[in-house]
**Student:** 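Structure provided below as structure tokens; questions to follow.
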Amino acid sequence: MGSYGEKSYLFDGRLTVLLPDSFRTMEGGREQLMYPYEDRPQIILEDADTCRFCTFSLLKEQKLAGIQVKNVIQSITKAVVSLYPSCLLSKPRLVKRGEETCGWFSFRTSGKEGELRNFMYVFPVDNCMMLGTMGCFMEDRAGKEQLMKIMESLEIPEKKSAYSRVSSGHSVR
């Protein structure tokens with residue numbers, strides 16, 4: 001299923017995630033083909049060999065507290081199902097990630113190369129909504145497991161005071 005390196009720090013260290021070593025920034029115009037609109041996700045990663053992808057967007061204007069996650073993921077699910085009525089693969093679910101709650105669901109879409117299994121999830125990061133998506137081919141069982149592992153690795157890093165960072169040898173930015 002691929003090897004994993006150290007956790008990656010996203011959004012200036014406000015979120016950590018464990019990504020497979022094979023995931024790279026989507027380039028070569030592929031991101032524009034996959035997301036043909038101006039306001040595309042902030043971070044778009046892919047494993048080009050397996051056609052797996054994941055995105056991360058920190059929506060600073062969209063506030064999200066842990067107690068709102070359930071209602072928000074249900075609303076997003078309803079919006080997606082209204083566009084694609086028979087697409088739902090799994091109903092909205094909640095999973096605890098440290099002190100926070102992650103809400104997610106999965107749905108099917110069709111692409112030129114076949115049917116895709118998509119995951120969409122929300123996670124509070126500093127009281128803002130982090131909206132993530134991931135996908136792989138429907139028949140890619142290892143991909144589904146890998147993508148679930150990515151989502152399950154989401155974590156808000158422990159905040160340390162400037163004094164404790166300096167005294168432990170870490171630089172202050």
Side-chain angles (χ1 to χ4, degrees), residues 1-11 14-37 39-59 62 64 69-70 72-81 83-84 86-98 100-125 128-156:
M1 191 160 53
S3 61
Y4 292 81
E6 294 182 13
K7 283 200 168 214
S8 297
Y9 287 81
L10 306 179
F11 308 114
R14 296 163 71 184
L15 176 70
T16 64
V17 62
L18 186 60
L19 295 167
D21 292 334
S22 58
F23 274 63
R24 301 280 181 258
T25 299
M26 191 179 284
E27 295 176 339
R30 288 182 39 79
E31 71 282 1
Q32 293 171 354
L33 290 172
M34 193 161 182
Y35 302 96
Y37 36 88
D39 198 13
R40 62 182 63 89
Q42 295 158 345
I43 300 170
I44 306 172
L45 305 172
E46 71 174 335
D47 180 338
D49 293 337
T50 62
C51 295
R52 298 173 190 159
F53 67 90
C54 60
T55 72
F56 304 88
S57 293
L58 186 59
L59 309 176
Q62 183 64 51
L64 180 66
V69 169
K70 180 178 180 180
V72 168
I73 200 63
Q74 287 175 339
S75 295
I76 293 172
T77 303
K78 286 178 187 174
V80 169
V81 171
L83 294 172
Y84 308 102
S86 60
C87 71
L88 194 62
L89 294 172
S90 66
K91 293 180 180 179
R93 298 180 185 172
L94 300 177
V95 62
K96 217 46 180 150
R97 297 298 317 131
E100 295 296 346
T101 301
C102 179
W104 68 276
F105 70 101
S106 65
F107 60 102
R108 171 188 2 237
T109 58
S110 294
K112 346 183 228 192
E113 295 150 7
E115 285 197 318
L116 294 176
R117 175 184 309 272
N118 297 276
F119 298 87
M120 189 170 282
Y121 57 98
V122 295
F123 190 66
V125 175
C128 297
M129 182 189 305
M130 194 287 295
L131 176 65
T133 63
M134 301 181 294
C136 62
F137 287 120
M138 282 296 293
E139 63 277 358
D140 184 359
R141 295 248 179 241
K144 177 185 173 188
E145 291 175 27
Q146 184 182 58
L147 296 175
M148 290 298 296
K149 186 171 182 175
I150 290 170
M151 186 172 53
E152 291 168 356
S153 75
L154 294 171
E155 210 170 67
I156 303 297

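Please read these numbers as outputs of a predicted model, since none were measured by experiment. The first residue in the sequence is number 1, and the count goes up from there.
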**Student:** Partners of Asp140 by salt bridge (charged side-chain N to carboxylate O under 4.0 Å, His left out), sequence neighbours excluded?
**Tutor:**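 Expected list: Arg52.
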
**Student:** List the residues meeting salt bridge (charged side-chain N to carboxylate O under 4.0 Å, His left out) with Lys7, not counting sequence neighbours, and say none if there are none.
**Tutor:**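 If we apply the salt bridge (charged side-chain N to carboxylate O under 4.0 Å, His left out) test to Lys7, skipping adjacent residues, the hits are Glu155.
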
**Student:** Would you check if the side chain of Glu100 reaches a backbone N or O of Phe123 as a donor-acceptor pair within less than 3.5 Å?
**Tutor:** no

**Student:** With Ser90, which residues qualify under side chain to side chain donor-acceptor pair (under 3.5 Å), at least two apart?
**Tutor:**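 Once residues adjacent in sequence are excluded, the partners of Ser90 under the side chain to side chain donor-acceptor pair (under 3.5 Å) criterion are Ser106.
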
**Student:** Rounded to the nearest 0.5 Å, how far apart are SG of Cys136 and CG of Leu147?
**Tutor:**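 So the gap between those two atoms works out to 5.0 Å.
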
**Student:** Taking only residues two or more places apart in sequence, or in another chain, which ones meet Glu46 in a side chain to side chain donor-acceptor pair (under 3.5 Å)?
**Tutor:** Arg30

**Student:** Among residues at least two apart in sequence or on other chains, which ones pass side-chain contact (heavy atoms from CB on, under 4.5 Å) with Thr25?
**Tutor:**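 Counting only residues at least two positions away or on another chain, Thr25 forms a side-chain contact (heavy atoms from CB on, under 4.5 Å) with Glu27, Leu45.
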
**Student:** Partners of Thr16 by side chain to side chain donor-acceptor pair (under 3.5 Å), sequence neighbours excluded?
**Tutor:**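 Expected list: none.
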
**Student:** My understanding is that only residues two or more places apart in sequence, or in another chain, count here; which of them pass side-chain contact (heavy atoms from CB on, under 4.5 Å) with Glu113?
**Tutor:**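 Cys51, Phe137.
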
**Student:** Could you tell me if the side chain of Ile43 sits less than 4.5 Å from the side chain of Cys54, heavy atoms only?
**Tutor:**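 Heavy-atom side-chain distance check fails, nothing below 4.5 Å.
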
**Student:** Tell me every residue that passes salt bridge (charged side-chain N to carboxylate O under 4.0 Å, His left out) with Arg108, counting only those two or more places apart in sequence or in another chain.
**Tutor:** Glu115

**Student:** Report the residues that fulfil ring pair (Phe, Tyr, Trp, His ring centres under 6.0 Å) with Phe107, sequence neighbours left out, ordered by chain and then residue number.
**Tutor:**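 If we apply the ring pair (Phe, Tyr, Trp, His ring centres under 6.0 Å) test to Phe107, skipping adjacent residues, the hits are Phe105.
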
**Student:** Is the shortest heavy-atom distance from the side chain of Arg117 to the side chain of Leu89 under 4.5 Å?
**Tutor:** yes

**Student:** Who are the side chain to side chain donor-acceptor pair (under 3.5 Å) partners of Thr55, not counting sequence neighbours?
**Tutor:** Thr133

**Student:** Please name the pair of heavy atoms, one in Cys128 and one in Leu59, separated by the smallest distance, quoted to 0.1 Å.
**Tutor:** CB-O, 3.8 Å

**Student:** Might you point out which heavy atoms bring Val80 and Cys87 nearest each other, and give the distance in Å?
**Tutor:**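 So the two residues come closest at CG1-SG, 4.0 Å.
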
**Student:** Could I get the full list of salt bridge (charged side-chain N to carboxylate O under 4.0 Å, His left out) partners for Arg14, not counting sequence neighbours?
**Tutor:** Asp126

**Student:** Taking only residues two or more places apart in sequence or in another chain, which ones pass side-chain contact (heavy atoms from CB on, under 4.5 Å) with Glu152?
**Tutor:**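 If we apply the side-chain contact (heavy atoms from CB on, under 4.5 Å) test to Glu152, skipping adjacent residues, the hits are Met148.
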
**Student:** Is any side-chain heavy atom of Leu10 less than 4.5 Å from a side-chain heavy atom of Met130?
**Tutor:** no

**Student:** Identify the two heavy atoms, one from Thr101 and one from Val69, that lie closest to each other, and give their separation to 0.1 Å.
**Tutor:**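 For Thr101 and Val69, the tightest heavy-atom pair comes out as O-CG2, 3.5 Å.
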
**Student:** Counting N and O atoms only, with roles assigned by atom type, does the side chain of Arg24 sit under 3.5 Å from a partner on the main chain of Asp21, one being a donor and the other an acceptor?
**Tutor:** yes

**Student:** Checking the side chain of Arg97 only, and the main-chain atoms of Cys102 only, is there a donor and an acceptor separated by less than 3.5 Å?
**Tutor:**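 No: the side chain of Arg97 does not pair with the backbone of Cys102.
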
